[in-house]
A.B. asks: 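This is the structure I have questions about; it appears just below.
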Amino acid sequence: MEKTVAVVLAAGEGKRMKSNYSKVVHKVCGKPIIERVTESVKKANIEKCILVVGHKKEQVMELLGESVGYAIQEEQLGTGHAVMQAVPLLGDAKNVVILCGDAPLITEETIKEVISINEKEGRAATIITANFDNPTGYGRVIRDAKGAVKAIVEEKDATADEKKVTEINSSMYCFDKEALCSALGKLTNNNAQHEYYLTDVIKIMIDENKKVDTYIVKDKSEIMGINNRVQLYEASEILKKKINTMHMLNGVTIISPDNTYIEEGVQIGKDTIIYPGTILEKNTIIGENCVIGQNNRITNTIVGNNTEIISSVLIDSKVGNNTHIGPFAWLRPNSNVGDNIRIGDFVEIKNSNIGNGTKVSHLTYVGDSDIGENVNFGCGTVTVNYDGINKHRTVVGNNVFIGCNTNLVAPVKLGDRVYTAAGTTVTDDVPDDALVIGRCRQEIKNGWTKGKIKGC
Ligand code: UD1
Ligand code: MG
């Protein structure tokens, strides 16, 4: 493959998204539309990628930074005009691939294929096309009696007969750079929309007896463009299905793939079962033989083997083997939960290490803490980590028994084998093997309620 540069058209307004954000920064399966396009470009081994930006360009430029080059199209005067803005940046490339910033499903295979065909056949242009049952709205590929491409005609400029053609222009192409630049110089905006159509470049080339043909894409979804939220959903569904199918073929049971959302970066071990309503995001890794029960959201978290997680939220955390989480637990960032642990209902853990064999079964907050092994938390324990200005750590040794409704006022340290009486507020460090009681002694006033309780 000779030197190739990619030009991605992303200056359009995207009105139909009805959004304050640029259309191309909206996400499909967790990743911005435009980033999917530029990633496919990179995977196709094209080093230079130029984005034509205009509407809400700051958002696009902030997202992609210096990973790509930019050509600014101040006024959106058509797709041909957009490509003209990138011409000064094309350099010494032989091939120019044009892609749409709003068509995120294009693959590196198709990009490589179209470059290879254009080069091998010595063409001036190869247009990526597809046959659509309903071609309404698209530019149609018009062929002569022998089947050779004559032109691309836009819907608004098409005759009734031309409108019947089902082969549509994807608005993605591979051009020979010299032929493209020469034809761009001859474009006019003499059409229904008074725009400089990139599609007219094709007719100009053919009139000059240059070789032009199409590449009919194998999977039509690759050229799907996103113009509104319904199409955003449709593209996400296509990707979701691909990802879930891949995991199932790798040995993961997904009870209801339609109701399971897994992003691309996620890895899952074999014999793990995923129940409906689960969302696995970013670089989450789930081990083998786990049960990921209903309605979990697990983001950027590493989970070991044989672990069960039900109806919980886990973010930027780590969970070991044979551990049980949930229902209704929340692991906030930097929670490191070991092996053989039980984290039960309405338990919140944040920025803490929980040692192996520990049980935090109900209604407990563990924040900024280092908890040893085989600790038993009674119901309603709170690590009091925040004094209004600073956060402080709680350190708990091994084999500690924490009674119900204990407050551990940080900074505080409990040794090994400590026992806290229920209802205790611990404010000072407790040595190994001690019992700590910090609560009012119970008083009984016999007969005190007589005459004070209605009807008694
Ligand atoms: C274009 C094609 C049409 C094709 C269709 C596929 C032309 C004239 N028509 O039509 O044949 O079937 O795409 O979806 O090329 N853009 C700019 N600057 C502009 C205009 C557009 O950057 O001045 C960008 C848009 O952001 C978008 C892409 O170019 O990513 C396509 O533009 P759009 O207005 O959607 O073109 P269509 O009318 O759909
Ligand atoms: Mg369009």
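Please read these numbers as outputs of a predicted model, since none were measured by experiment. Atoms within a ligand are numbered from 1 in the order they appear, just like the ligands themselves.
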A.B. asks: Once you restrict to heavy atoms under 4.0 Å, what part of E154 touches ligand 1? Side chain, backbone, both or neither.
C.D. replies: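 For E154, only side-chain atoms sit under 4.0 Å from ligand 1.
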A.B. asks: Looking at ligand 1, does T199 have a heavy atom less than 4.0 Å from it?
C.D. replies: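 Judged by the 4.0 Å heavy-atom criterion, T199 does count as contacting ligand 1.
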A.B. asks: Please table the atom pairs, donor to acceptor, closer than 3.5 Å between any side-chain atom in residues 271-280 and protein atoms at least two apart or in another chain.
C.D. replies:
from: T272; atom 1: OG1; to: G287; atom 2: O; distance (Å): 2.7
from: T272; atom 1: OG1; to: N289; atom 2: N; distance (Å): 3.2
from: T272; atom 1: OG1; to: C290; atom 2: N; distance (Å): 2.9
from: T278; atom 1: OG1; to: Y275; atom 2: O; distance (Å): 3.4
from: T278; atom 1: OG1; to: G293; atom 2: O; distance (Å): 3.0

A.B. asks: Throw together a table of side-chain donor-acceptor distances under 3.5 angstrom for residues 42-52, partners on residues two or more places apart or in other chains.
C.D. replies:
from: K48; atom 1: NZ; to: L89; atom 2: O; distance (Å): 2.5

A.B. asks: Out of Q73, E75, H81, M224, whose heavy atom sits nearest atom 18 (N) of ligand 1?
C.D. replies: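 Among Q73, E75, H81, M224, the closest heavy atom to atom 18 (N) of ligand 1 comes from Q73.
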A.B. asks: Before signing off on this row, confirm whether L9 and ligand 1 have an N or O atom pair separated by under 3.5 Å.
C.D. replies: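 For ligand 1, there is an N or O atom that lies under 3.5 Å from one belonging to L9.
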A.B. asks: Give, for atom CG of N131 and atom NZ of K220, the distance between the pair rounded to the nearest 0.5 Å.
C.D. replies: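 Going from the CG atom of N131 to the NZ atom of K220 covers 6.5 Å.
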A.B. asks: Does any N or O atom in G139 lie less than 3.5 angstrom from one in ligand 1, N or O only?
C.D. replies: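 Yes; the residue has a nitrogen or oxygen that sits under 3.5 Å from a nitrogen or oxygen of the ligand.
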A.B. asks: Considering the heavy atoms of T79, write down every atom of ligand 1 situated less than 4.0 Å from one of them.
C.D. replies: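 Result: 7 (C), 8 (C), 15 (O), 20 (C), 21 (C), 29 (O), 31 (C), 32 (O).
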A.B. asks: Taking the side chain from S170 and the backbone from I128, do they hold a donor-acceptor pair closer than 3.5 Å?
C.D. replies: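 Checking the backbone N and O of I128 against the side chain of S170, a donor-acceptor pair under 3.5 Å is found.
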A.B. asks: Looking only at distances, can you tell me whether any N or O atom of Y138, backbone or side chain, sits closer than 3.5 Å to an N or O atom of ligand 1?
C.D. replies: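 By distance alone, the answer is no.
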A.B. asks: Would G12 count as a polar contact of ligand 1, with the cut-off being nitrogen or oxygen pairs under 3.5 Å?
C.D. replies: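 Yes, since at least one N or O of G12 sits under 3.5 Å from an N or O of ligand 1.
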A.B. asks: Is there a donor-acceptor contact under 3.5 Å from the side chain of T364 to the main chain of C379?
C.D. replies: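 Side chain of T364 to backbone of C379, a donor-acceptor pair under 3.5 Å: no, none is there.
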A.B. asks: Are the side chains of V313 and N296 in touch, meaning some heavy atoms are under 4.5 Å apart?
C.D. replies: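 Result no, sub-4.5 Å side-chain heavy-atom pair not found.
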A.B. asks: Can you tell me how far the NZ atom of K270 sits from the CG atom of N305, to the nearest 0.5 Å?
C.D. replies: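 Taking NZ in K270 and CG in N305, the distance rounds to 9.5 Å.
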A.B. asks: Are K203 and D200 close enough for a salt bridge, meaning some N to O gap below 4.0 Å?
C.D. replies: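 Salt bridge: no.
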A.B. asks: Under 4.0 Å from a heavy atom of A82: give me the atoms of ligand 1 that qualify, with their elements.
C.D. replies: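 The list of qualifying atoms is 17 (C), 18 (N), 22 (O).
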A.B. asks: Can you list the atoms of ligand 1 that are under 4.0 Å from a heavy atom of N169?
C.D. replies: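 Heavy-atom distances to N169 below 4.0 Å select 2 (C), 3 (C), 4 (C), 5 (C), 6 (C), 11 (O), 12 (O).
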A.B. asks: Mind checking whether N227 contacts ligand 1 via backbone (N, CA, C, O), side chain (CB onward), both or neither, at a 4.0 Å heavy-atom cut-off?
C.D. replies: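 Within the 4.0 Å criterion, N227 makes no contact with ligand 1.
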A.B. asks: Taking only heavy atoms of S170 into account, list the atoms of ligand 1 that are under 4.0 Å away from them.
C.D. replies: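 Going through ligand 1 atom by atom, the ones under 4.0 Å from S170 are 6 (C).
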A.B. asks: Heavy-atom distance to atom 19 (C) of ligand 1: which of A10, A11, G78 wins?
C.D. replies: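 It is G78 that holds the nearest heavy atom.
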A.B. asks: Any idea how Y138 and F132 line up, ring-wise: parallel (<30°), tilted (30 to 60°), or perpendicular (>60°)?
C.D. replies: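 Correct class here is perpendicular.
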